[in-house]
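Structure first, then comments.
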Amino acid sequence: MKNRFLVPLVLLGLCFAEALSSQKTYTLPAAEVQDLKGQTVSTSTFSNEGKPVVISFWATWCKPCIAELSAIHEEYESWVEETGVKLIAISIDDQRNVAKVAPFINGRGWNYEVYCDPNGNFKRALSVNTVPHTFLLDGNGNIVWQHNAYNPGDEEHLFEMIQHVAAGKKIESK
Amino acid sequence: MTRTFNRVLVGILTLWSCFGLKSQTITDYGEIHGNIGVDAQYYLDDAAINTQPVPDIFRANSFLNLVYTRGNFRAGLRYEAYMPKPLLGFPVAFEGHGIPFRYAGYTLGRLDITAGNFYEQFGNGLILRSYEERALGFDNALDGIRLKYQPVDGLRLTGFIARQRFYWDFSPGNIKGFDAEITARELLPKLDWKKWNIIFGGSFVSRYQAGQEIPNPENPANLLEIPLNVGSFSGRLNLGYGGFQLNAEYAYKINDPNALNKFIYKPGSAAYVSAAYSTKGLGISLQAKRVENFDFRSDRNAQGNDLLLNFIPMLNKQHTYALPASIYPYAVQANSELGWQADVNFTTPKWWRKKYATTVNLNFSMVSALDTTPTGDRYGYTSSAFDLGKQYYLDANIEIQQPLSKKMKLSMMYMYLWQNQRLVQGQGTSEDNLIAAHIAVIDATWKLAKKHTLRFELQHLATPALQNPLNPLVNGSWAMGLIEYNFNPLFFASVMNQWSYGNPDAQKQLHYPTAMLGVTLKTTRIAIGYGRQREGIICIGGVCRQVPASNGLTFSLMSSF
């Protein structure tokens with residue numbers, strides 16, 4: 001019984017591994033999220049006119065996420081000026097906290113484009129395990145870099161990556 | 001002979017399709033992404049914290065998600081393994097391994113079809129929310145067929161027929177659901193909406209479950225007439241004007257005699273309202289809800305966290321510091337709740353502060369039972385609309401974030417908590433256990449040098465010891481300390497201790513030390529830990545799980561690709 005499936009399974013596995021390793025692009029999947037007014041928006045409409053985009057998954061209860069977005073907030077104006085980057089913050093807060101998201105970000109004066117993903121549609125589509133999880137998209141909407149977790153100073157590395165992408169350079173490892 | 005031939009044939013076909021795909025341009029064969037996770041623990045005996053002897057001392061919960069997309073087509077699956085047994089605290093029914101989640105879907109213009117497993121939420125979730133909370137072992141995925149259709153801009157229709165996942169099986173009830181949502185601005189784009197934004201929605205969810213024989217408590221010789229179909233309805237409105245936002249939903253459920261309402265015939269209802277205002281530097285929100293007999297599941301006999309169909313949002317702050325989050329957490333009482341919450345966020349304006357802005361969050365919440373009068377008949381009780389019954393919970397807290405310099409950041413929290421522990425958590429006691437606690441937290445981050453960071457946490461929970469605590473190990477005051485070192489972005493190490501120094505029983509004044517080491521490589525995080533875990537309740541997003549005390553070595557790996 002086991003033997004019968006072994007050969008095709010191993011072959012399929014090899015095939016799969018091959019497909020994965022030669023996969024050059026990672027396009028942003030389409031999923032439905034809500035804007036801060038409760039209106040449904042498809043993530044396929046996300047764009048920044050050919051400039052880089054940072055997508056940051058966070059939650060109002062996630063301390064490292066708040067630390068990351070606060071740190072970026074300090075530098076955001078100069079980042080935008082230099083590279084034209086746009087940060088899209090995706091709150092994974094569920095219905096318990098969705099109503100608090102707009103007061104939370106406005107209360108902190110953050111200038112980001114913010115959407116809510118209360119049932120995890122977009123989070124699952126992007127295979128996000130835990131927050132914070134940050135993605136960097138090039139001007140064509142391809143995910144070229146991603147990182148999980150945040151520690152003070154990580155935003156400097158993110159900005160280097162943004163400068164790289166804004167200059168049209170390739171990032172070596174995804 | 002034929003078998004060998006078959007094998008060769010399958011092999012050739014697989015390779016052919018593989019290389020066939022490869023020979024095409026890369027974008028042609030779509031993309032595969034996913035994530036993987038392993039949580040394992042090696043259990044040690046520890047008499048001081050009453051660990052139970054564990055027959056399988058090494059256990060692991062693992063999963064692998066694969067998502068395939070190609071143009072408008074998508075498909076995915078999740079493999080789960082709980083071997084040789086689930087980690088302690090997770091439902092034992094998870095034991096085993098397999099593929100409980102798989103789906104395929106296609107988007108055709110304005111129509112979207114999903115066959116197989118899916119997650120869905122209607123409105124605020126009052127009558128339907130299916131979701132996964134992996135850290136709790138909670139997954140009420142639906143399995144069936146779902147259609148989403150947008151006949152015109154601004155009108156969204158969703159309909160499905162499905163059963164619910166029940167560990168490695170399905171719910172006995174069949175679920176049908178329908179939702180319609182109108183976004184006025186999109187439907188009538190020519191009107192001048194100025195700053196207005198209006199969204200209406202309505203949903204219907206019904207459960208069909210075969211009948212069963214339940215003796216009538218009033219007359220045990222007769223059986224109860226159990227409704228086979230139970231329907232629930234809800235209507236919602238989302239109204240926005242500039243910085244104001246109002247969200248209200250009302251839901252109703254016809255008679256649904258079930259194990260948790262003790263098979264009464266009273267219909268259920270739930271109302272939720274939230275109002276928020278925000279402008280740069282200030283955000284205020286107010287929320288209120290009333291929930292009566294509104295536990296809705298895909299099996300009338302289900303209990304605990306099993307087969308939940310709806311989601312009643314909790315109206316209290318979601319705490320994440322260890323002592324406020326897990327010593328006396330609140331759990332939703334879906335059959336009787338009246339509560340409200342106020343939350344204010346502000347940042348000190350530039351003219352007020354010296355150099356760094358101070359961010360303040362004020363939060364207050366209170367939840368009570370409904371004021372009810374038993375009727376003695378099959379309808380159970382009558383209730384007053386707004387009179388409060390016994391209070392469950394109260395939480396008043398303030399959190400302040402203050403950078404002291406470029407290198408030093410400080411967070412402080414104070415919280416007053418009040419809880420009727422018997423009503424919120426307790427079973428088996430007849431006396432009310434009233435808890436009043438003062439909790440203080442200091443959290444400091446110190447950037448030593450580029451790439452090197454230290455973080456400290458000090459927490460204290462002060463409460464008088466109880467005569468008859470629900471859990472004798474969690475009685476009296478607690479202190480906690482944590483030190484964490486980070487080498488960005490690669491490595492972290494932390495040491496933590498929780499100490500129940502205020503326990504009236506000197507034998508139970510225990511230390512719960514844990515140490516953890518971890519590595520983060522882009523999207524892969526590997527951590528090993530060693531120490532003692534306190535018995536307690538872990539709550540995430542409104543669902544709680546009882547975790548037994550344990551001692552041992554933990555390993556976790558999370559990765560996405």
Side-chain angles (χ1 to χ4, degrees), chain A residues 4 7-8 11-12 14-16 18-20 22-27 29-30 36-40 60-63 66-67 70 94-100 102-109 118-121 124-130 133 146-149 151-154 156-157 173-174, chain B residues 7 10-11 14-15 18 22 26-27 29 31-35 37 65 67 69 119 121 124-125 129 131 156 183 197 199 238 240 245 247 274 276 278-285 287 311 313-314 318 320 343 345-347 359 445 447 450-451 453 486 488-489 520 522-523 525 541-542 558 560:
Chain A
R4 216 167 73 199
V7 175
L11 288 174
L12 264 177
L14 283 173
C15 180
F16 171 69
E18 175 60 24
L20 205 63
S22 61
Q23 187 165 284
K24 291 282 191 305
T25 53
Y26 189 170
T27 42
L36 293 178
K37 295 186 161 65
Q39 206 160 316
T40 306
T60 58
W61 43 261
C62 163
K63 307 282 181 224
I66 297 164
S70 302
D94 65 22
Q95 216 56 45
R96 173 180 184 182
N97 293 324
V98 162
K100 288 191 207 157
F104 188 94
I105 48 167
N106 281 326
R108 278 167 176 71
N119 212 30
N121 297 333
R124 271 190 300 279
L126 271 173
S127 303
V128 169
N129 272 318
T130 50
H133 192 130
Q146 50 175 314
H147 186 75
N148 193 204
N151 290 304
D154 280 352
E156 292 156 23
H157 185 60
S173 61
K174 203 165 57 183
Chain B
R7 264 186 231 172
V10 169
T14 315
L15 278 179
C18 184
K22 256 214 73 99
I26 285 159
T27 44
Y29 59 80
E31 294 181 28
I32 295 171
H33 298 285
N35 52 9
N65 265 308
V67 181
T69 46
Y119 294 105
Q121 175 176 326
N124 294 297
R129 184 182 182 211
Y131 67 109
R156 286 164 204 278
T183 308
N197 195 65
I199 303 166
N238 215 319
Q245 194 72 35
N247 173 2
S274 94
S278 62
T279 179
K280 195 120 275 177
L282 174 71
I284 301 168
S285 76
Q287 291 160 291
F311 178 79
M314 287 215 270
Q318 191 161 348
T320 42
D343 193 81
N345 280 293
F346 66 88
T347 305
T359 308
T445 306
K447 200 169 153 188
K450 195 176 179 179
K451 296 195 169 189
T453 318
N486 282 289
N488 298 3
T520 308
K522 300 239 159 86
T523 59
R525 186 182 161 96
M558 287 277 187
S560 68

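Residue numbers begin at 1 in each chain, while the letters A, B, ... track the order of the sequences.
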- Given that the side chain runs from C-beta out, which part of V98(A) has a heavy atom under 4.5 Å from chain B: side chain, backbone, both or neither? neither
- Query: Is a side-chain N or O of E31(B) found less than 3.5 angstrom from the main chain of T27(A), in a donor-acceptor match?
  - Reply: yes
- Message: Only pairs of heavy atoms separated by less than 4.5 Å count here; which of I199(B), N65(B), T445(B) has the most with chain A?
- Response: I199(B)
- Interchain contact, T40(A) with chain B, by part (heavy-atom threshold 4.5 Å): both
- Could you tell me whether the side chain of H147(A) reaches within less than 4.5 Å of the side chain of T520(B), counting heavy atoms only? yes
- Query: Which of the residues P118(A), A125(A), A149(A), G120(A) is involved in the greatest number of heavy-atom pairs with chain B at under 4.5 angstrom?
  - Reply: P118(A)
- Backbone of N488(B) reached by a side-chain donor or acceptor of N151(A) within 3.5 Å: no
- Item | Pairs of heavy atoms under 4.5 Å with chain A: top-ranked of N124(B), T279(B), I284(B), T69(B) | N124(B)
- Nearest atoms (heavy-atom pairs only) where N119(A) meets Y131(B): OD1-CB, 3.3 Å
- Item | Contacting region of T523(B) [heavy-atom separation from chain A under 4.5 Å] | both
- Roughly how far apart are N97(A) CG and D343(B) CG, rounded to 0.5 Å? 8.5 Å
- The interface call for A99(A) against chain B, heavy-atom contacts under 4.5 Å, is both
- Query: Taking the side chain as C-beta and beyond, is there a heavy-atom pair between D94(A) and R129(B) under 4.5 Å?
  - Reply: yes
- Going by atom types alone, do T60(A) and Q318(B) pair a side-chain donor with an acceptor below 3.5 Å? no
- Query: Quick check: are there more than 12 heavy atoms from other residues, nucleotides or ligands sitting under 6.0 Å from NZ of K451(B)?
  - Reply: no
- Shortest non-hydrogen separation from Q121(B) to Q95(A) and the atoms involved: NE2-OE1, 2.6 Å
- Which atoms of P29(A) approach chain B - backbone, side chain, both or neither, heavy atom under 4.5 Å: neither
- Message: Heavy-atom pairs under 4.5 Å with chain A - which of S278(B), P313(B), G283(B) has more of them than the others?
- Response: S278(B)
- Message: To the closest 0.5 Å, what do you measure between CG (N106(A)) and OG1 (T347(B))?
- Response: 10.0 Å
- Note on the structure: Tightest non-hydrogen contact, residues P103(A) and A276(B), listed as CG-CB, 3.9 Å
- Item | Separation between OG1 of T183(B) and CD of Q39(A), rounded to the nearest 0.5 Å | 5.0 Å
- When heavy-atom pairs shorter than 4.5 Å are enumerated against chain A, which of G34(B), G240(B), S274(B) gives the highest number? G34(B)
- Query: In Å, rounded to the nearest 0.5 Å, how long is the span from CZ of R525(B) to CG of N148(A)?
  - Reply: 7.0 Å
- Task: With rounding to the nearest 0.5 Å, note down the distance linking OG1 in T359(B) to CZ in R108(A).
- Result: 5.5 Å
- Message: Does any backbone or side-chain atom of L36(A) lie under 4.5 Å from a heavy atom of chain B? Answer side chain, backbone, both or neither.
- Response: backbone
- K37(A) versus chain B, the contacting section by heavy-atom distance below 4.5 Å: both
- Does H133(A) reach the side chain of S560(B), with side-chain heavy atoms less than 4.5 Å apart? yes
- Where is the tightest heavy-atom contact between K100(A) and S285(B), given as atom of each residue plus distance? CG-OG, 3.6 Å
